[in-house]
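Ligands are counted one by one from 1 in listed order, and the atoms in each one are counted from 1 as well. Bear in mind the structure is a predicted one, so any value in this text is a computation, not a measurement. Side chains included, hydrogens not; waters and symmetry mates left out as well; all remaining heavy atoms used.
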Amino acid sequence: MKAAINKMIPLSVVDGPGCRTAVFVQGCNIACAYCHNPETQRLCNGCGICVSQCPAGALSLSGKNVIWDEAVCTQCDHCIRVCPNYASPKVRWMEAVDVWEQISKNIPFIQGITVSGGECGLYPEFITELFTLAGNAGLSCFLDSNGCVDFTKHPKLMAVTDKVMLDVKAWDSQVFHRLTGKDNSVVKKNLNYLAKVGKLYEVRLVCLDGESSSGPSEDKEVDMEDVIRGVAAEVNPYLEDFKLKLITFRNYGVRGKMENRKSPTQNQMEKLKELAVQCGFKEIQIV
Ligand code: SF4
Ligand code: SF4
């Protein structure tokens, strides 16, 4: 079973607990206005625009396929910046066993693996195969997901997944739709399901500057306080079982209407944390 792999980080300490190998798949089912790695959103359509602009001559076209010569590439990322399709020519379609072969070299140094993206939920069969191999080797297996693929429909994947790090990007459906282009009913379904089966590791919320609880939801880009209150109410019996991660928006890598947006202040982040404490969250992290 193959997946489009954007990159692999052999040793990561920011993609779940301990030291882990992180695998980033290509392709996403939503398009967040604040996406900080927009080049993972879509698959290459072979338009060829990046090919002639590669300063190292690392790219060539074969029909509609872009060929990337990793040995020649200087990793300048110019190809990513000029791609109008939110894609990357540096993506490889890889079998789960081949990804596992690379990960297994890190076994002495890692506690587990995390599959992120893009959206990991777009490749359930691939990840099931990969996690089965990793689990047999004693590694913990985590997903990092935007929550827009219904995990209840993938029991085989869930059987080999230890925990999920779940984005809850907005609570009001209209706010969520404006931010991502999609509906958030599946996110809430996943939130409930993962909490109930004990597979929720953390809920992540990207926090923007200048959004407050007062005012109607139609004026908001992210309803952060509603997310905090909403998650606390929705999965209240399980608040001791997972972490709330409040992510400070940073515009690095962002394209489009939020690319010049400033970050919230530490004071704004601390106020959100205070609200989370009041709502009953036990473990809250600001990053
Ligand atoms: S990162 Fe892209 S543009 Fe830069 S050398 Fe590699 S293939 Fe070429
Ligand atoms: S990576 Fe982007 S610019 Fe390059 S061929 Fe693919 S779609 Fe076109």
Side-chain angles (χ1 to χ4, degrees), residues 1-15 20-96 98-99 101-103 105-106 113-127 130 143-146 148-149 167 169 179-182 206 250-261:
M1 193 58 68
K2 285 186 175 180
I5 305 298
N6 179 283
K7 68 178 172 188
M8 295 169 62
I9 297 178
L11 306 175
S12 168
V13 293
V14 296
D15 293 291
R20 318 180 69 78
T21 295
V23 180
F24 294 82
V25 296
Q26 183 76 15
C28 191
N29 50 352
I30 61 176
C32 300
Y34 55 49
C35 182
H36 66 274
N37 51 3
E39 74 280 3
T40 66
Q41 286 183 7
R42 298 196 193 128
L43 295 172
C44 172
N45 63 13
C47 73
I49 288 172
C50 62
V51 173
S52 61
Q53 300 204 38
C54 171
L59 301 173
S60 56
L61 261 184
S62 172
K64 274 285 185 187
N65 295 320
V66 178
I67 312 294
W68 172 49
D69 188 340
E70 188 172 4
V72 175
C73 174
T74 60
Q75 299 294 351
C76 70
D77 281 349
H78 186 62
C79 51
I80 288 169
R81 288 189 288 274
V82 300
C83 174
N85 186 42
Y86 286 35
S88 166
K90 300 187 289 176
V91 166
R92 296 193 189 285
W93 282 91
M94 294 179 71
E95 297 279 356
D98 295 330
V99 172
E101 191 188 332
Q102 291 201 22
I103 293 172
K105 295 173 189 159
N106 309 326
I113 68 173
T114 298
V115 181
S116 183
E119 171 49 33
C120 59
L122 298 178
Y123 299 98
E125 293 88 3
F126 166 88
I127 299 174
L130 179 63
L143 294 173
D144 173 344
S145 172
N146 65 30
C148 291
V149 169
D167 295 343
K169 295 171 184 291
L179 180 69
T180 69
K182 289 280 170 62
V206 176
R250 295 177 179 89
N251 67 355
Y252 177 75
V254 175
R255 296 184 201 171
K257 67 177 183 178
M258 288 199 192
E259 65 186 30
N260 294 317
R261 179 129 186 182

A.B. asks: Counting heavy atoms only, which part of Ser88 comes closer than 4.0 Å to ligand 2: side chain, backbone, both or neither?
C.D. replies: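 Near ligand 2, Ser88 shows its backbone, while the atoms from C-beta on stay back.
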A.B. asks: Looking only at the side chains, is there a donor atom on one of Asn106 and Thr21 sitting less than 3.5 Å from an acceptor on the other?
C.D. replies: yes
A.B. asks: Look at the side chain of Asp167 and the backbone N and O of Lys169, then say whether any donor-acceptor pair between them is shorter than 3.5 Å.
C.D. replies: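 Side chain of Asp167 to backbone of Lys169, a donor-acceptor pair under 3.5 Å: no, none is there.
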A.B. asks: Tell me which protein heavy atom sits closest to atom 7 (S) of ligand 2, plus the residue, atom name and distance to 0.1 Å.
C.D. replies: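 Looking at atom 7 (S) of ligand 2, the protein heavy atom closest to it is Asn45 OD1, 3.2 Å.
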A.B. asks: With rounding to the nearest 0.5 angstrom, report the CE to CG distance, Met258 to Leu179.
C.D. replies: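 It is 5.5 Å, given to the nearest 0.5 Å.
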A.B. asks: Measuring to atom 6 (Fe) of ligand 2, does Cys44 have an N/O/S atom at a distance below 2.8 Å?
C.D. replies: yes
A.B. asks: I'd like to check which ligand 2 atoms, numbered from 1 as shown, lie under 4.0 Å from a non-hydrogen atom of Gly48.
C.D. replies: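 Those of ligand 2 that fall under 4.0 Å from Gly48 are 5 (S), 8 (Fe).
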A.B. asks: Does a donor on one side chain and an acceptor on the other come within less than 3.5 Å for Glu119 and Ser145?
C.D. replies: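 Yes, because at least one side-chain N or O of Glu119 sits under 3.5 Å from a partner of the opposite role on Ser145.
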A.B. asks: Under a 4.0 Å heavy-atom limit, does Lys90 contact ligand 1 with its side chain, its backbone, both, or neither?
C.D. replies: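 Just the side chain.
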A.B. asks: Does Cys47 bring an N, O or S atom to under 2.8 Å of atom 8 (Fe) of ligand 2?
C.D. replies: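 Cys47 does place an N, O or S atom closer than 2.8 Å to atom 8 (Fe) of ligand 2.
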A.B. asks: Where is the nearest protein heavy atom to atom 2 (Fe) of ligand 2: which residue, which atom, and how far?
C.D. replies: Cys83 SG, 2.3 Å
A.B. asks: Hey, is CD on Glu95 packed in by over 12 heavy atoms from elsewhere, all under 6.0 Å?
C.D. replies: yes
A.B. asks: Students should be able to answer this: which protein heavy-atom is nearest to atom 3 (S) of ligand 1, and at what distance?
C.D. replies: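 Here the closest protein heavy atom is Cys79 N, 3.3 Å.
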A.B. asks: Which atoms of ligand 2 are found less than 4.0 Å from any heavy atom of Asn85?
C.D. replies: 7 (S)
A.B. asks: By number and element, which atoms of ligand 2 are closer than 4.0 Å to a non-hydrogen atom of Val66?
C.D. replies: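 Atoms satisfying the 4.0 Å criterion: 5 (S).
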A.B. asks: Checking contacts here: is it the side chain or the backbone of Leu59 that comes within 4.0 Å of ligand 1, counting heavy atoms only? Could be both or neither.
C.D. replies: side chain
A.B. asks: How close does the nearest protein non-hydrogen atom get to atom 4 (Fe) of ligand 2, and which residue and atom is it?
C.D. replies: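 For this ligand atom, the closest protein heavy atom is Cys50 SG, 2.3 Å.
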A.B. asks: To check your reading of the model: name the closest protein heavy atom to atom 1 (S) of ligand 1, its residue, and the distance in Å.
C.D. replies: Asp77 N, 3.1 Å
A.B. asks: Using a strict 4.0 Å cut-off to heavy atoms of Ala56, name the atoms of ligand 1 that fall inside it.
C.D. replies: 5 (S)
A.B. asks: Would you please say whether a donor-acceptor pair under 3.5 Å links the side chains of Thr114 and Arg20?
C.D. replies: yes
A.B. asks: For Gly256, does its backbone N or O pair with a side-chain atom of Glu259 as donor and acceptor, under 3.5 Å?
C.D. replies: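 It does hold such a pair.
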A.B. asks: In terms of side-chain geometry, is the basic nitrogen of Arg92 or Glu70 positioned less than 4.0 Å from the acidic oxygen of its partner?
C.D. replies: yes
A.B. asks: Can you pull out the closest protein heavy atom to atom 6 (Fe) of ligand 1? Residue, atom name and distance to 0.1 Å, please.
C.D. replies: Cys73 SG, 2.3 Å
A.B. asks: Can you find a side-chain donor-acceptor pair between Asn260 and Asn251 that sits under 3.5 Å?
C.D. replies: no
A.B. asks: Is the shortest distance from a Lys or Arg side-chain nitrogen in Asp98 or Lys2 to a carboxylate oxygen in the other one below 4.0 Å?
C.D. replies: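 No, this pair does not count.
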A.B. asks: Is atom 6 (Fe) of ligand 1 less than 2.8 Å from an N/O/S atom of Cys54, whether that atom is in the backbone or a side chain?
C.D. replies: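 Within the cut-off used here (under 2.8 Å), Cys54 places no N, O or S atom near atom 6 (Fe) of ligand 1.
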